[in-house]
Number of protein chains: 2
Amino acid sequence: MTRAKKHRATIGDVSALADVSRATVSRVMNGSPTVDAVIADRVRKAAAELQYRPSNLARSLSLGRTGTVAVSVPDLRNPMLHTVLQGISASAAHDGYHLLVSIAGDDVSQEERHFLDARQRCDGLILVNPRGPEDELRSALLQLSPAVVINRDTTDLPAPTLSVNHERGIALLIEHLKELGHRHLAYVTGPPTAVSDLPRKRAIARALAADSRLEIQTVSGGRDVFDGREAAEEVLRTRATGVLVFNDLVAVGLLSKLRELGISVPDQLSVAGFDDIDLAHCAYPSLTTVKVAHYELGCRAWRELAVLLEHPDSASEAFHSFDADLVRRCSTGPAPEIPR
Amino acid sequence: MTRAKKHRATIGDVSALADVSRATVSRVMNGSPTVDAVIADRVRKAAAELQYRPSNLARSLSLGRTGTVAVSVPDLRNPMLHTVLQGISASAAHDGYHLLVSIAGDDVSQEERHFLDARQRCDGLILVNPRGPEDELRSALLQLSPAVVINRDTTDLPAPTLSVNHERGIALLIEHLKELGHRHLAYVTGPPTAVSDLPRKRAIARALAADSRLEIQTVSGGRDVFDGREAAEEVLRTRATGVLVFNDLVAVGLLSKLRELGISVPDQLSVAGFDDIDLAHCAYPSLTTVKVAHYELGCRAWRELAVLLEHPDSASEAFHSFDADLVRRCSTGPAPEIPR
DNA sequence: TTGAAAGCGGTACCAG
DNA sequence: CTGGTACCGCTTTCAA
């Protein structure tokens, strides 16, 4: 034993052991075909003996690329995100990129810093459901490029933007409930920071404007099942006969609390969610919702980022919208003759 | 405008603009107090003008640390993971570390390579629910250090190991059902790759050995709600009066399918889950399960990693076990007098 | 207090 | 086909 050096072997150690130049070691490690077989073998042997692993850091610095992209998400609780992530992940893997997920957390004021942090370690960034004001986002994006944004329904961000068409999704749901005879609805919102509440509310405003017999009251909700449970009593106080919920997760919570309160769904109250997560199917009663092609959205987001990665200056500002389709299940039914 | 240089400004650009050395710029950027206020200001101005952001890559290479750790998880669907992640994340943030989540995906044969990939970009790695054979894991860990393992109930891995005491959790559940008069149970497994099935099965074997009147049959399940739904019919075929399920998510799926099949829970069949996720509370009927201090587990895992980060050679091999406590809800009840 | 220069661990161009 | 060498962008002695 010469030395119990604790630090990992570097390319220099290998080149010394194999008695070749570092350049040659580099070639061998990267599978360059222009290396003599005998020498290559010698190098590989030395590398193995030293348990040599090229430093990604040094490699990235030299190459000018990391082969990694980050996805920033506010929170992992919403299963709809997983589907988007799977889409991104599969496409990225296909193109030889490694995906890293970064959780932004609740503090919106720290979000911009968080984006930068994540972006600094990668070649690109995908922002999923970014919160915070639009002008801040816009200026942040300048430093973040290449980046792509998911779920921000603005067409003029300085980055490719893909978004679920929340407005149309909610419109479909309202339409559905109206056809069932409902006139008085409630809307359970997302968390205060959720920007996707805006298009939803826009859909509500439009529906209200188009039909004077319609009434829709807003109840503040949140992002997880407990938020849904907590909204139950206030929903009941509105005396609405149908309720639209921010997303399926919250809706599942609402459903559970309604059951405890002895409210029969959909006989006394109809409930509709958003996203069509797996759980929507398992809820009791199974949840009427709208389905979105989240996986495809993820794939498409990757695609947009990929072109930016190749062509860093192709000032792409595409906007893609993903429609939601009604999935009618058992949590909605005809409006009760005599509202509670 | 001198040049429309597309590339980001480097420390050299700033030093040139401010007419100081790069060393000084570095000092200013890192808040060294030994810099003349006037000069420091000049540097800051130049940096701002150039929109200079130090390259994390170069910085990390020079410093020998990235300030980042990765957490590798097999899949994000299980909400229990989120709680663990929150624990890790909060603790890591507190110590000034950035957390990156890496999703291993279904292909277990790629898992080792995945670990290395993730580890290479960070200062440390936390493996949550690693699959694959123990000897492979053991040898992988040698290259991965510093790393810590979560949920592998082996005491002699070459890395700190923290694990939920699955064996005892299942034992509690069996005990609970026995007290309710159940003699014939079924166990719905996790996915074939899930190593935590082993201690669970061990608990079952012990219970069987200790009580000859007890019978427990195994049904293959999986990791998500649909796997639970699919297991329903086979569960019924066992004619068991009580069923233990791999985890709450699968149990929720099972519950939903049982309802569709007209089986009344717990009157005809008792169901118990594992983990006590939020959803367990919202299921119908609400799910009896065992609760684990997942958040604390996450915090503790970080702690272990943190000491390794400081003291790279403190060959820590601690093993910490986290007990599960019974949470009795509505999905379990007395064994039916006359089994179906 | 500031600057020059030597790394950190690789890659890649240019001779030979 | 191989080796020498100049970077990649930043930090950190060591002198001045």
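Here is how names work: the chains are called A, B, and so on, in the same order as the sequence lines, proteins then strands, and each is numbered from 1.
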Hey, is the side chain of [X] poking within less than 4.0 Å of OP1 or OP2 on [N], counting only N and O atoms?
| X | N | answer |
| --- | --- | --- |
| B:T24 | C:dG3 | yes |
| A:S26 | C:dG10 | no |
| A:S21 | D:dT2 | no |

May I ask you to verify whether the side chain of A:R22 and the base of D:dG4 hold a donor-acceptor pair under 3.5 Å?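 Checked by distance alone, the answer is no.
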When the nearest nucleotide of DNA chain C is assigned to B:D36 and to A:T10 on a heavy-atom basis, which residue is associated with the more 5' position?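 This one resolves to B:D36.
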Would you say [Y] and [X] are linked by a side-chain donor-acceptor pair, where the criterion is simply a distance under 3.5 Å?
| X | Y | result |
| --- | --- | --- |
| B:H320 | B:S163 | no |
| A:T66 | A:D123 | yes |
| B:H294 | B:Q86 | no |
| B:R59 | B:N30 | yes |

Under 4.5 Å between any side-chain heavy atoms of A:L157 and A:F319, yes or no?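 Answer no - side chains too far apart.
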Name the closest nucleotide to the A:V35 side chain, picking from C:dT2, D:dT2, D:dT11. D:dT2
Nearest to the side chain of B:I39, heavy atoms from C-beta on, is which of C:dT11, D:dC10, C:dT2?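 Nearest to the side chain of B:I39 among the choices is C:dT2.
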Close N or O pairs between protein and nucleotides 13-16 of chain D (under 3.5 Å):
none

Atom-to-atom span, CG of B:L57 to C1' of D:dC10 - whole angstrom: 11 Å
Considering non-hydrogen atoms only, spot the tightest contact between B:D75 and B:L81 and give its length. O-CD1, 2.8 Å
